[in-house]
Asks: 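If you scroll down you'll find the structure; I have some questions about it.
Along the sequence shown, the residues carry numbers beginning at 1. Here the structure is a predicted model, which is why all the values come from computation and not from measurement.
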Amino acid sequence: MRASPRFLRVLLAVAAVCAVIVSTAAGRATVHKTGLVWADCGGGYQCATLNVPRDYHHPGRATFSLGIIRLPAQDQAHRIGPLFVNFGGPGGLAVDTIHAIGGDLFGAVNDRFDIVAVDPRGVGHTQPSVDCQANQEEQGIYSKPFVTPFNLEVDALIAKDKGYIDRCKTLNGDVLKYISTENTARDMDSVRAAMGEAKLNYFGFSYGTFLGSTYASLFPNRYRAMVLDGPVDVNGWINRPTENLREQSAGFERALGRFFQACAANQDFCGFGGDDPAGAFDDLIDSAYVQPLPATGDDPRPVNGDDIAAGAVLAMYAKQLWPFLADALQQAQAGDGSGFRQLADFFYGRNSDGSYDPASDRYFLITAADQKYKHAVRPYLAAGNHSWGLFDHAWWNTGYTELNYGLYDVKANDVYRGPFRASARAPTVLEVATRYDPATPYRGALRTAAELGNVRLLTMRGDGHTAYGGNSPCIDNAVNAYVETLTLPARGTICQQDVPFGAAPLARAAGVFGSSTLTPASVLWRTSPHGAIN
């Protein structure tokens, strides 16, 4: 069975996200009584901007100009209100992603809801936006070679991390202390007020669930419906980030194990490693460290073990990407690293011209503004050594990488660290969690449900990160019914994922990884709050 045409159309549209240019100067402007000026920006979408204070304690000082987009409800006579959407990251493009896929992904509820997205402060069309202009493979937080206890050079690692931080500070000035999630939640409420809406509806994916949880805690009476898909462990994410990352790394390892189990059971499709694909994969990585694999295409750089490990973890974000990983493994088995070169370039946000997308910079800078890290060196060296001992393939996700946070010295002006509560007087929050989600593990979702309190949990038994939008008709129907009518699924509802292992060779069919316009930011509706492409 191949992928559904709907999902394929969505993925193809996503591949074009970064080619979309949204201009509020295009078309005829419409002024509403709210004061927002909406202008046609193509495809039925309207765009606007709103100035908000950088520091809500000093509203008369410098501002951010928020980039906003909406797809108006099709049935204006029966319009319910706006559905605000955040695709995650942190640092993900909201405006461009909605412009590319909003009508398809949210078509079922666009009849009575405006689909609205706001680029978070520091991101995309919101100005100023942040960009460290870094070579992610050499300077960024996941730069190569991945650090192990055996190649660790402490002074060199500190110098590299300090150089990256200094570069970010120099290029982005005092903007960095104002880009916390609390401020972004206040921005979203400012847009709601500017639209003249008493309440908003909200749909957050991945890190967007943390933004939603923050909004619900700060403004408990200002939302009508709230969907949290791929929920982060809200308290762990902001207050215990190293533990949270370690649990995520375990999630990636579990996901790879499930992929290799499926590969062994579907050798007619997977064609790698016979009855022991996991062992063959480890042999492949070990071999590539000794003798990198040649590659062809736009980027013919050889592929080493780091590239293979990173590319395999990346493919765990969506089960629809498993066939591409199977292809890359078959090619590598034959001595060709081209598939993993494409995966690794995507992991790092490397563009066809050799430049790098700033999504990873924004991820780092926003999480650094939010998360509670000790300013030190030794704890991260110890955590890195421990992670290397725990995880065969995703050890680089925690520990040594986090030294960047230990050295970061910009203090955010406002950070909300809890308590996270969904008011009993507000409508029940719908939390959608995937049983084998690698990026936001299921037990973290259970913690968040307990933390928020007024939550109904809807589970998808399946793989990949987040559930809504083509994985399961059961999930999609339940979520749509909730958004439209506030009808909750029955307690304990479990939906099955409808994506067989060999169902969707989408990367081959769509050519998405060969697209010069595809960047990490362009698939943020399937992203995580951590990891190299968050």
Side-chain angles (χ1 to χ4, degrees), residues 1-12 14 230 250-285 308-334 339-340 342-343 346-347 392-394 432-442 459-476 494-513 523 525-528:
M1 180 187 296
R2 296 178 65 84
S4 70
R6 177 182 177 277
F7 187 86
L8 183 56
R9 286 197 306 272
V10 169
L11 195 57
L12 284 167
V14 169
F252 285 130
E253 296 291 347
R254 180 169 53 249
L256 280 167
R258 287 179 60 80
F259 167 81
F260 290 127
Q261 182 181 29
C263 180
N266 294 273
Q267 276 291 298
D268 56 335
F269 179 83
C270 186
F272 173 79
D275 60 359
D276 187 15
F281 180 70
D282 291 339
D283 290 344
L284 175 66
I285 288 181
I308 293 172
V313 166
L314 172 68
M316 296 301 100
Y317 277 91
K319 193 174 182 181
Q320 292 84 356
L321 295 179
W322 286 14
F324 189 86
L325 177 57
D327 273 358
L329 288 167
Q330 290 173 28
Q331 293 174 35
Q333 190 171 241
F340 276 108
Q342 290 176 299
L343 280 166
F346 186 67
F347 176 95
D392 291 339
H393 312 104
V432 186
T434 299
R435 188 65 182 86
Y436 301 106
D437 191 318
T440 52
Y442 188 74
T459 297
M460 182 179 79
R461 192 181 191 283
D463 300 277
H465 181 43
T466 75
Y468 182 80
N471 275 297
S472 166
C474 171
I475 291 288
D476 292 352
I494 299 176
C495 297
Q496 299 297 318
Q497 188 176 33
D498 186 21
V499 183
F501 177 78
L506 291 182
R508 288 176 293 186
V512 293
F513 280 100
V523 289
W525 69 293
R526 282 281 185 264
T527 58
S528 79

Asks: Please check if atom CD in Q261 has more than 12 non-hydrogen atoms from other residues, nucleotides or ligands closer than 6.0 Å.
Replies: no
Asks: Checking D437 side chain against Y442 main chain: does a donor-acceptor pair fall under 3.5 Å?
Replies: no
Asks: Pair up each side-chain donor or acceptor in residues 269-284 with any protein partner under 3.5 Å, not counting sequence neighbours, and list the distances.
Replies:
{"unit_1": "D276", "atom_1": "OD1", "unit_2": "G279", "atom_2": "N", "d": "3.1"}
{"unit_1": "D282", "atom_1": "OD1", "unit_2": "H393", "atom_2": "NE2", "d": "2.7"}

Asks: Residues in side-chain contact (heavy atoms from CB on, under 4.5 Å) with Q496, at least two apart?
Replies: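 Counting only residues at least two positions away or on another chain, Q496 forms a side-chain contact (heavy atoms from CB on, under 4.5 Å) with R461, I494.
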Asks: Shortest non-hydrogen contact from T434 to A467?
Replies: OG1-CB, 3.7 Å
Asks: Sub-3.5 Å donor-acceptor pair from the side chain of Q497 to the main-chain atoms of M460, do we have one?
Replies: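 Looks like no, no N/O pair under 3.5 Å.
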Asks: Do F340 and L329 have side-chain heavy atoms sitting under 4.5 Å apart?
Replies: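 Side-chain contact under 4.5 Å: yes.
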Asks: Check whether K319 reaches the backbone of G462 with its side chain - one donor and one acceptor, N or O, closer than 3.5 Å.
Replies: no
Asks: Do you know which two heavy atoms are closest between G311 and L343, and how far apart they sit?
Replies: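 Looks like CA-CB, 3.8 Å.
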Asks: side-chain contact (heavy atoms from CB on, under 4.5 Å) with Q331: which residues, sequence neighbours excluded?
Replies: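 Once residues adjacent in sequence are excluded, the partners of Q331 under the side-chain contact (heavy atoms from CB on, under 4.5 Å) criterion are D327, D336, S338.
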Asks: Y468 vs V432, test: side-chain contact (heavy atoms from CB on, under 4.5 Å). Steps then yes/no.
Replies: CA-CA 8 Å; Y468 182 80; V432 186; 5.8 Å; no
Asks: Which pair of heavy atoms, one from F501 and one from A262, lies closest together, and at what distance?
Replies: CD1-CB, 3.5 Å
Asks: Enter the distance from R435:CZ to R254:CZ here, rounded to the nearest 0.5 Å.
Replies: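 If I round to the nearest 0.5 Å, the distance is 7.5 Å.
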Asks: If you look at every heavy atom in G230 and T440, which pair is closest and at what distance?
Replies: O-OG1, 3.3 Å
Asks: Check the pair D463 / W322 against side-chain contact (heavy atoms from CB on, under 4.5 Å), numbers first and verdict last.
Replies: CA-CA 10 Å; D463 300 277; W322 286 14; 3.8 Å; yes
Asks: At their closest point, which heavy atom of P323 faces which heavy atom of Q320, and how far apart are they?
Replies: CD-O, 3.5 Å
Asks: Quick one: closest heavy-atom pair of L321 and L314, and the distance?
Replies: CD1-O, 4.4 Å
Asks: Just verifying a value: how many Å separate I475 CD1 and T466 OG1, rounded to the nearest 0.5 Å?
Replies: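 Answer rounded to 0.5 Å: 10.5 Å.
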